[in-house]
Amino acid sequence: VQAKHNAIRESLGIPEKAAPPDPPVDLSAKIDLLLDERISVLSFGLGDPGQELVGRCRSLGIKTIAMVSTVADAKAVEQAGIDAVIAQGSEAGGHRSHFQKPESPQKGAVGTMTLVPAVCDVVSVPVVAAGGIADGRGIAAALALGAAGVMLGTRFVATQESMAVTAYKEAVLRAGANDSRISDAASGRYARLIENDLLDRLEQAPKLPFMWQSSAVSDILDEARRRNDGGMLALWAGQSSSLINDLPSAVEVVSRLMDQTRQVIDSLK
Ligand SMILES: Cc1cc2nc3c(=O)[nH]c(=O)nc-3n(C[C@H](O)[C@H](O)[C@H](O)COP(=O)(O)O)c2cc1C
């Protein structure tokens with residue numbers, strides 16, 4: 001792994017590595033901290049929080065949300081006592097919220113249009129739609145599918161306040177619907193990213209398990225950010241990049257989304 005990654009490091013002018021990557025951070029201590037702080041909502045992705053943890057949250061008055069990508073996982077988190085479910089379709093940017101890594105990126109890649117109503121049919125807690133929504137049309141559609149709310153990620157990457165470096169924001173503005181793919185090269189679990197040189201090169205190298213892979217590539221990603229090098233960044237973003245053509249403030253995005261959604265719903269009456 002390091003030999004292949006060293007070729008990438010060389011092109012970025014950063015030191016080679018021979019030692020194994022640092023072990024991933026242990027999340028359990030962080031969860032204890034969140035519970036100690038009595039945060040109001042704890043939202044989980046990429047795994048089943050389970051009955052014990054959800055129960056601990058409930059007893060502390062902390063609301064819980066879990067993001068799922070299959071009907072079976074939605075049922076599992078409802079059984080664990082979750083307060084709301086996010087149904088994440090495969091258009092979504094960033095990590096696919098699978099509980100188990102599927103055997104291929106295509107397996108388990110169910111789109112929002114199909115997943116949201118299917119999840120609404122099997123759970124009685126509120127369902128939030130995620131994946132591919134970037135404007136009021138998408139929100140109105142999600143509400144029509146039975147969602148109680150929506151979650152947008154990619155749209156907010158391209159905002160003034162977003163901490164993404166400029167080249168990342170520009171890549172989102174430039175990308176079409178066909179310019180991203182689902183890959184496990186950036187973290188070891190499947191995620192949707194805009195295609196670039198880095199993704200191609202990481203895919204040619206052996207991949208490590210989840211989090212170990214993130215740890216292995218962290219120096220490469222840090223340097224790419226420092227250089228603002230769009231070819232070497234991890235460009236976490238979804239298919240809705242094709243709907244995003246400007247760089248407003250986050251407030252402007254939210255106000256537009258609300259206006260557009262009202263207009264679309266009114267136009268359907
Ligand atoms: C830049 C970025 C980072 C993300 N990071 C995470 C993450 O760390 N954990 C997670 O569960 N989901 C993550 N997601 C996925 C979002 O939670 C959400 O499902 C997705 O953005 C919704 O789809 P959209 O990108 O089409 O709006 C990320 C998404 C983006 C765009």
Side-chain angles (χ1 to χ4, degrees), residues 24-25 27 30-31 41-49 64-70 73-74 77 82 84-101 108-113 115-116 119 127-139 141-142 145 147 149-159 161-165 167-173 175-184 186-194 196 199 210-211 213-215 218 221 224-225 230 233-244 250 253-254 256-257:
V25 279
L27 288 180
K30 295 196 174 185
I31 288 181
V41 181
L42 185 48
S43 181
F44 303 92
L46 283 93
D48 185 352
T64 52
I65 307 176
M67 187 157 57
V68 302
S69 61
T70 69
D73 291 350
V77 291
I82 211 84
V85 171
I86 304 170
Q88 184 209 44
S90 57
E91 300 94 325
H95 278 105
R96 306 282 305 112
S97 202
H98 299 306
F99 287 4
Q100 296 292 330
K101 184 178 175 181
V110 179
T112 304
M113 189 77 156
L115 183 67
V116 171
V119 169
V127 175
V128 174
I133 302 169
D135 59 30
R137 294 170 297 182
I139 298 178
L145 294 173
V150 292
M151 177 191 195
L152 281 68
T154 301
R155 172 64 268 193
F156 287 98
V157 174
T159 55
E161 294 89 342
S162 150
M163 287 163 70
V165 295
Y168 183 1
K169 295 182 186 182
E170 285 169 357
V172 172
L173 297 184
N178 204 25
D179 291 333
S180 65
R181 68 173 182 263
I182 298 176
S183 168
D184 57 357
S187 75
R189 287 279 283 267
Y190 290 120
R192 185 178 286 283
L193 300 98
I194 295 173
N196 64 358
L199 200 57
F210 184 46
M211 306 289 274
Q213 180 75 0
S214 328
S215 171
S218 62
L221 301 185
R225 272 192 295 271
L233 288 163
L235 300 170
W236 316 97
Q239 292 177 335
S240 73
S241 297
S242 60
L243 303 171
I244 299 168
V253 168
V254 173
R256 262 191 226 171
L257 290 171

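We number each residue from 1, following the sequence as shown. Counting starts at 1 for both ligands and their atoms, following the listed order.
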Taking only residues two or more places apart in sequence or in another chain, which ones pass ring-ring contact (aromatic ring centres under 6.0 Å, His included) with His98? none

For atom 7 (C) of ligand 1, find the nearest protein heavy atom and state the residue, atom name and distance (0.1 Å precision). His95 ND1, 4.5 Å

Distance under 4.0 Å to a non-hydrogen atom of Gly131: what atoms of ligand 1 satisfy this? 22 (C), 23 (O), 26 (O)

Interatomic distance, Lys169 atom NZ to Leu235 atom CG [nearest 0.5 angstrom]: 13.5 Å

Check: Arg192 main-chain N/O paired with Gln239 side-chain donor or acceptor under 3.5 Å: no

If we only consider heavy atoms of Arg155, is any one of them less than 4.0 Å away from an atom in ligand 1? no

If we ignore hydrogens and angles and just use 3.5 Å, is the side chain of Tyr168 paired with the main-chain N or O of Met163 as donor and acceptor? no

Got more than 12 heavy atoms from elsewhere within 6.0 Å of CE, Met113? no

Asp73 versus Val77: any side-chain heavy-atom pair under 4.5 Å? no

Which residue and non-hydrogen atom of the protein lie closest to atom 9 (N) of ligand 1, and at what distance in Å? Leu46 CD1, 4.0 Å

Students should be able to answer this: which protein heavy-atom is nearest to atom 25 (O) of ligand 1, and at what distance? Thr154 OG1, 2.6 Å

When distances are taken from atom 4 (C) of ligand 1, the protein heavy atom at minimum range is Gly94 CA, 4.3 Å

Report the member of Gly93, Gly153, Ser90 with the shortest heavy-atom distance to atom 14 (N) of ligand 1. Gly93

Does Ile244 form a side chain to side chain contact (heavy atoms under 4.5 Å, CB included) with Val157? I'd like the steps, not just the answer. CA-CA 10 Å; Ile244 299 168; Val157 174; over 6 Å; no

Minimum-distance protein heavy atom relative to atom 3 (C) of ligand 1: Trp236 CB, 4.4 Å

Check for a donor-acceptor pair, side chain of Asp48 on one end and backbone N or O of Phe99 on the other, with a separation under 3.5 Å. no

Any side-chain heavy atom of Glu161 sitting closer than 4.5 Å to one from Phe156? no

If you count the atoms of ligand 1 from 1 in the order shown, which ones are under 4.0 Å from a heavy atom of Leu152? 27 (O)

From atom 12 (N) of ligand 1, work out which of Glu91, Met67, Met151 has a heavy atom at the shortest distance. Met67

So for Gly132, does at least one of its heavy atoms come nearer than 4.0 angstrom to any atom of ligand 1? yes

Distance flag for atom 21 (O) of ligand 1, protein heavy atom under 4.0 Å: yes

My question is simple, although I want it checked carefully: is atom 31 (C) of ligand 1 less than 4.0 angstrom from any protein heavy atom? yes

Show me which atoms of ligand 1 lie under 4.0 Å from any heavy atom of Gln88. 15 (C), 19 (O)

Which atoms from ligand 1 have a heavy atom of Tyr168 less than 4.0 Å away? 1 (C)

Side chains of Ser97 and Ile86: does their closest heavy-atom pair fall under 4.5 Å? no

